[in-house]
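Here's the structure, in structure tokens; my notes come after.
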Amino acid sequence: MAVRVSVINDFDVVVAGVRALLSPYSDRVLVVDTQLQAPPDVAVDVALFDTFAAPLSWQSRLAELATHPGVRAVAVYSFITDPRAVEDSLASGADGFLAKSLPATEMVEGIELLATGNRVVNLGSRDGGVSGDRWPTEDVGLTPREAEMLSMIVRGYSNEEIARSRYLSPNTVKSYIREAYRKIGVTTRAQAVAWGMRHGLEAAR
């Protein structure tokens with residue numbers, strides 16, 4: 001029987017991307033739609049907590065998910081592979097950590113191991129790439145990191161808050177934001193917020 005998987009993220013396009021990545025393996029893993037209400041509408045074997053543009057309080061959200069009666073295991077799915085992120089995720093109740101650079105086959109294997117009660121940490125190639133991922137604004141040339149930075153700006157977070165929650169230096173955050181501004185043709189934060197809201201960078205779920 002296929003492992004039942006739910007993808008947790010505020011952006012429909014992100015969820016759709018993970019679904020598409022796993023769809024060729026539907027005999028082994030089946031992505032199901034669930035609101036994970038109490039009681040849950042559909043019980044799942046593994047919940048994938050996608051960290052793309054997750055709010056600053058993502059650790060508490062992860063902790064709630066880890067104790068949810070309708071979820072057997074939880075794994076963080078992220079392009080953040082800083083050891084501190086892995087440590088914080090496991091400390092918050094995650095059973096595993098899967099990097100977005102993983103090929104689909106390794107991701108499926110990790111999900112299957114999680115469903116059988118194993119702890120899985122697979123950080124992939126650590127090259128910062130993504131495997132079959134999707135994100136808002138990829139069609140206009142923004143990288144996942146640049147899109148995430150703009151989404152966090154739309155949420156109203158400061159550069160310092162973004163840096164802490166994404167395990168980056170403030171200078172790195174500034175570099176991502178500066179490049180994003182250049183690509184979308186804006187010069188101020190207010191312009192960036194307006195652009196982001198027009199282009200799907202406001203949380204949709």
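The chain is numbered in sequence order, starting from 1.
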Straight-line distance of [X] [atom1] to [Y] [atom2], nearest 0.5 Å:
X	Y	atom1	atom2	answer
N118	L113	CG	CG	5.0 Å
R198	I184	CZ	CD1	8.5 Å
R119	L114	CZ	CG	10.0 Å
E146	M149	CD	CE	9.5 Å
I111	L102	CD1	CG	10.0 Å

Salt bridge present between [X] and [Y] (N-O < 4.0 angstrom):
X	Y	value
R155	D10	yes
R134	E138	yes
R84	E87	no
E148	R145	yes
D95	R72	no

Task: side-chain contact (heavy atoms from CB on, under 4.5 Å) evaluation trace for L65 with R61 - done: CA-CA 6 Å; L65 186 61; R61 192 172 178 183; over 6 Å; no
For the residue pair [X] and [Y], what are the closest heavy atoms and their distance?
X	Y	value
S101	G124	OG-CA, 3.7 Å
S6	V44	CB-CG1, 3.8 Å
L168	T172	CD2-CG2, 4.2 Å
G110	L98	CA-CD2, 4.4 Å
A66	S92	CB-O, 4.3 Å
L21	A104	CD1-CB, 3.8 Å

Using a 4.5 Å cut-off on heavy atoms from C-beta on, say whether the side chain of [Y] contacts that of [X].
X	Y	result
V18	L48	yes
I80	R166	yes
V154	M197	yes
L56	M152	yes
P170	I162	no
L90	V121	yes
V29	E109	no
V3	R28	no

Task: Residue pair Q59, E64: steps toward the side-chain contact (heavy atoms from CB on, under 4.5 Å) verdict - done: CA-CA 9 Å; Q59 289 98 335; E64 291 176 6; over 6 Å; no
Hey, is the main chain of [Y] close enough, under 3.5 Å, to the side chain of [X] for a donor-acceptor pair?
X	Y	value
D50	I8	no
W195	Y181	no
S89	A85	yes
S151	A53	no
E161	S158	yes
S57	S60	no
K100	Y77	no

Hydrogens and angles aside, do [X] and [Y] bring a side-chain donor and acceptor to less than 3.5 Å of each other?
X	Y	result
R164	N159	no
D88	Y167	yes
Q191	T187	yes
N171	S169	no

Open item on the list: According to ring pair (Phe, Tyr, Trp, His ring centres under 6.0 Å), who are the partners of F97, at least two apart in sequence or on a separate chain?
Closed with: none
Task: F11 and F52 aromatic centres sub-6.0 Å - done: yes
Open item on the list: Working note: F79 + T51, criterion side-chain contact (heavy atoms from CB on, under 4.5 Å); need CA distance, chi angles, decisive distance, verdict.
Closed with: CA-CA 8 Å; F79 45 64; T51 64; 5.8 Å; no
Open item on the list: Before you tell me yes or no, could you show the steps for D82 and V86 under side-chain contact (heavy atoms from CB on, under 4.5 Å), namely the whole-Å CA-CA distance, both residues' side-chain angles and the distance that decides it to 0.1 Å?
Closed with: CA-CA 7 Å; D82 188 291; V86 178; over 6 Å; no
